[in-house]
Amino acid sequence: MFSEEFFQLVSNSGMATYKELKKISVANKHKEVIGEFDLLDLEGFDDVKFASFMADKFNYTMLDLKDADISEAILGLLQKKHVTRYRLIPIQQTEKKVVLTSFDPLAQKNLKSCTDILGKNADFVLTTIGAWKELYNKVKMSLDEVLDTIKEFEPDDTEQEVADADENINSDVVSFVNRILADSFIRKASDIHVEPYEKKFRIRFRIDGNLIEVAQPPKTMIAPMISRLKIMAKLDISEKRKPQDGRIKLSIANMPIDYRVSCLPTLFGEKIVMRLLDQSNLQLDMTKLGFMNRQLATFKDCIYRPYGMCLVTGPTGSGKTTTLYSAMQELNKPSNNISTAEDPCEFNLEGINQVNIRKDIGLTFASVLKSFLRQDPDIIMVGEIRDLEVGEIAVEAALTGHLVFSTLHTNDAASTVTRLLNMGIEPFLVVASLNVVVAQRLCKRICKNCRVELPNKQKELIACGMAPESADAVKVFKGEGCEQCNGTGYKGRVAIHEVLPMSNRIRELILNDASAEEIKRMAIYEGMRTLRMSALIKVTQGITTLEEAVSNSSADNLF
């Protein structure tokens with residue numbers, strides 16, 4: 001909350017008017033957020049100058065900790081509720097002492113409360129609001145803290161029905177399910193696998209692309225746990241013979257989290273897989289998607305054209321939707337009418353008209369696309385071009401003055417062209433409608449906490465396609481495995497891209513029925529970076545490993 005004392009300090013500094021501060025204070029009155037973060041949006045407020053001003057006024061040491069690399073272990077010395085309450089974050093510790101920081105000079109009076117919690121003496125340093133915000137967002141809530149925040153969103157007309165179905169579920173099972181959901185949120189898992197086998201029952205999380213076993217509950221919990229999850233997803237608990245799909249909507253740590261639930265009958269019971277859709281983790285800044293500068297400039301140039309098709313390709317889970325959402329968010333302005341057809345809509349985007357595909361009632365990609373063309377659209381996104389009918393409508397839309405975004409499942413950018421032709425779309429229509437194709441994959445990031453250099457990797461780099469003179473100067477890294485990365489050596493993922501714009505030469509090749517290899521060769525000649533090239537650049541930057549680069553891209557044996 002925006003404290004009155006801090007309010008007065010900012011006012012006295014002359015960096016914000018009383019009216020501006022009052023507006024921020026009122027806006028944050030009923031929010032469980034740090035109101036002072038809103039100061040960063042004020043035009044005349046400079047958080048570095050303000051921190052220096054406060055340091056001089058109170059005779060404190062001031063450190064600009066923006067982009068500081070502080071371990072999760074240090075940040076986690078205080079629970080997030082204590083960080084929020086006392087406005088203090090640990091940034092360093094020794095055997096006898098901890099260094100705590102805040103943007104608020106008045107937080108120094110809370111040192112005693114924190115030393116009682118930590119069992120150590122503490123020193124205080126001042127930092128900027130921007131740096132403190134970065135650190136605050138990195139502080140993880142404990143499992144018990146997260147458990148206390150879990151709330152279900154249930155429509156009014158189903159509350160009694162759910163309560164009746166749920167009354168036979170043991171409270172221990174309910175608690176265990178909640179712990180699994182909370183733990184997956186803390187670990188930033190993308191999927192939860194609940195799997196019954198003949199002799200055991202296991203639960204696994206997919207984290208950064210890896211499946212990691214997190215629990216083996218007793219087999220007696222199989223039936224009640226599956227029932228509990230099916231009840232939460234509004235599925236038929238009596239139907240155990242057919243696959244079912246549903247959705248669980250929760251509020252966790254005051255953030256809306258959706259779980260896409262898939263239930264599949266197996267030999268020893270029903271397996272449930274839940275895909276986590278966390279709105280707070282959706283990255284819509286195109287500059288942070290992993291594009292190289294030239295790739296991003298090319299892609300932006302193509303999406304700002306008034307009409308044409310922009311396609312993103314890659315396997316399931318390669319980040320295609322995030323790239324498309326980022327592009328649409330870039331274009332999401334009051335002057336544009338944007339509509340999407342998705343199966344299903346993964347995230348809610350303010351200002352964009354999103355339609356969920358429902359084949360059971362005839363609401364298909366084709367039917368929705370036809371309706372879009374009668375809705376005065378500027379920009380259209382169709383989740384996937386799966387057949388000739390959808391492809392032809394998308395091409396027609398692109399040729400009649402609309403910007404069309406979509407996805408395909410192909411191995412690289414050049415193969416996308418041949419895929420469209422194989423569907424039955426005429427070459428002259430592909431040439432006239434297509435602006436750009438982006439192929440992408442996700443490579444695992446090396447864990448910064450346990451990253452080490454690997455010597456003598458020049459031969460492997462050359463074998464992967466790197467020029468010998470370049471390989472000699474490259475340092476190759478890997479993660480040894482630590483607690484922060486669950487012993488995998490990886491933490492997080494980064495995208496690699498292949499951006500293929502439609503040049504005159506490539507259009508001519510398409511009209512002359514050229515192969516994907518010929519199109520790719522010409523694109524490379526014109527400056528395109530292939531997936532393998534992009535991956536190797538990430539290796540040279542110390543972002544990913546050589547093994548990841550090889551496994552996520554094919555060799556460019558074209559010359």
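One-based numbering along the sequence shown.
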Mind listing the closest non-hydrogen atom pair of V390 and A366 along with its distance? CG2-N, 3.9 Å

Using a cut-off of 6.0 Å, state whether more than 12 heavy atoms not belonging to Q216 lie near its atom CD. yes

pair V194-F201: side-chain heavy atoms closer than 4.5 Å: yes

For K80, does the NZ atom sit with more than 12 other heavy atoms under 6.0 Å from it, leaving out its own atoms? yes

Quick check for you: to the nearest 0.5 Å, what is the distance between N178 atom CG and I150 atom CD1? 4.5 Å

Could you tell me whether K478 and E480 have a side-chain N and a carboxylate O separated by less than 4.0 Å? no

Taking E498 for the side chain and A413 for the main chain, is one N or O donor matched with an acceptor at less than 3.5 Å? yes

Enumerate the salt bridge (charged side-chain N to carboxylate O under 4.0 Å, His left out) contacts for residues 367-380, please, sequence neighbours excluded, ordered by first and then second residue. K370-E389

Worked check of side-chain contact (heavy atoms from CB on, under 4.5 Å) between L75 and V83: CA-CA 10 Å; L75 294 173; V83 169; over 6 Å; no

Would you say S367's side chain and G362's backbone share a donor-acceptor pair under 3.5 angstrom? yes

Could you tell me which non-hydrogen atom of C263 sits nearest to which non-hydrogen atom of I272, and how far apart they are? SG-CG1, 4.1 Å

Is there side-chain contact between D208 and T488, with heavy atoms separated by less than 4.5 Å? no

Minimum side-chain heavy-atom gap K538-C443 below 4.5 Å: no

Report, as yes or no, whether the 6.0 Å neighbourhood of atom CG on D191 holds more than 12 heavy atoms from other residues, nucleotides or ligands. yes

Among E195, E213, H193, whose side-chain hydrogen bond (donor to acceptor under 3.5 Å, both in side chains) with R204 holds? E195

Compare all side-chain heavy atoms of L264 with those of V273 and state whether any distance is below 4.5 angstrom. no

Using the six-membered ring wherever Trp is involved, compare the ring planes of H497 and F291 and label them parallel, tilted or perpendicular (cut-offs 30° and 60°). parallel

Looking just at side-chain N and O atoms, do Y136 and T84 make a donor-acceptor pair shorter than 3.5 Å? yes

Measure the shortest side-chain to side-chain distance between N552 and L531 over non-hydrogen atoms and say whether it is less than 4.5 angstrom. no

Which residues satisfy the ring-ring contact (aromatic ring centres under 6.0 Å, His included) test with Y259, sequence neighbours excluded? none

Could you tell me whether D245 and K234 make a salt bridge, using a distance below 4.0 angstrom between a side-chain N and a carboxylate O? no

When you compare the side chains of N110 and S113, does any donor N or O come within less than 3.5 Å of an acceptor on the partner? no

Given 3.5 Å as the limit, does a donor-acceptor pair link the side chain of K230 with the main chain of D236, or not? yes

Separation of L276 CG from R187 CZ (nearest 0.5 Å): 13.0 Å

All side-chain hydrogen bond (donor to acceptor under 3.5 Å, both in side chains) counterparts of T323, not counting sequence neighbours: Q440

Heavy-atom pair of closest approach, residues R451 and I446: CG-CG2, 3.4 Å

Would you say that I186 contacts M141 through its side chain, given a criterion of any heavy-atom pair below 4.5 Å between the two side chains? no

For the residue pair L65 and A131, what are the closest heavy atoms and their distance? C-CB, 3.6 Å

Rounding to 0.5 Å, atoms CG (L77) and NZ (K120) come to a distance of 7.0 Å

Nearest 0.5 Å, what's the CZ-CD1 distance between F185 and I180? 15.5 Å

Using only atom types and a distance under 3.5 Å, with no angle test, would you say the side chain of K219 pairs donor to acceptor with the backbone of E198? yes

Are I70 and I89 close enough, and set up right, to give a side-chain contact (heavy atoms from CB on, under 4.5 Å), and what steps lead you there? CA-CA 11 Å; I70 299 170; I89 295 177; over 6 Å; no

Any side-chain heavy-atom pair of R228 and M232 under 4.5 Å: yes

Side-chain donor/acceptor of T544 to backbone N/O of K444, under 3.5 Å: yes

Does the side chain of S102 come under 3.5 Å of the side chain of D104 through a donor N or O and an acceptor N or O? no

Can K81 and D148 be counted as an ion pair, charged N to O under 4.0 angstrom? no

Are N449 and K491 close enough that a side-chain donor and a side-chain acceptor fall under 3.5 Å? no

Under the side-chain contact (heavy atoms from CB on, under 4.5 Å) criterion, do M255 and T149 qualify, and how do the steps go? CA-CA 9 Å; M255 289 185 283; T149 68; over 6 Å; no

For residues 310-339, pull every pair meeting salt bridge (charged side-chain N to carboxylate O under 4.0 Å, His left out), keeping only residues two or more places apart or in separate chains. K300-E330

Taken to the nearest 0.5 Å, the spacing of R419 CZ from I425 CD1 works out to 10.0 Å

List the steps and the verdict of side-chain contact (heavy atoms from CB on, under 4.5 Å) for K240 and I226. CA-CA 10 Å; K240 304 180 190 298; I226 297 297; over 6 Å; no

Apply side-chain hydrogen bond (donor to acceptor under 3.5 Å, both in side chains) to D144 and S142, showing your working. CA-CA 5 Å; D144 289 336; S142 68; 5.6 Å; no

Residue pair V382 / V368, side-chain heavy-atom distance below 4.5 Å: no

Using side-chain hydrogen bond (donor to acceptor under 3.5 Å, both in side chains) as the criterion, list what pairs up with Q295, not counting sequence neighbours. S534

Do Y490 and T545 get their side chains close enough for a donor-acceptor pair, meaning under 3.5 Å? yes

Sub-3.5 Å donor-acceptor pair from the side chain of E134 to the main-chain atoms of D67, do we have one? yes

Name each donor-acceptor pair under 3.5 Å that joins a side chain in residues 344-353 to protein atoms two or more places apart or in another chain, with its distance.
unit_1	atom_1	unit_2	atom_2	d
E346	OE2	R260	NH1	3.2
N353	ND2	N337	OD1	3.1
N353	ND2	I338	O	3.0

NZ on K359 to CZ on F365, rounded to 0.5 Å: 7.5 Å

Please say whether more than 12 non-hydrogen atoms of neighbouring residues, nucleotides or ligands are located less than 6.0 Å from CZ in R85. no

State whether the side chain of Q354 and the backbone N or O of E342 hold a donor-acceptor pair below 3.5 Å, judged by distance alone. no

Where P224 and T220 come nearest, the two heavy atoms and their spacing: CD-O, 3.4 Å

Would K138 and E72 pass as an ion pair if we require N to O under 4.0 Å? no

Which heavy atom in L403 sits nearest to a heavy atom in C310, and how many Å separate them? CD1-SG, 4.2 Å

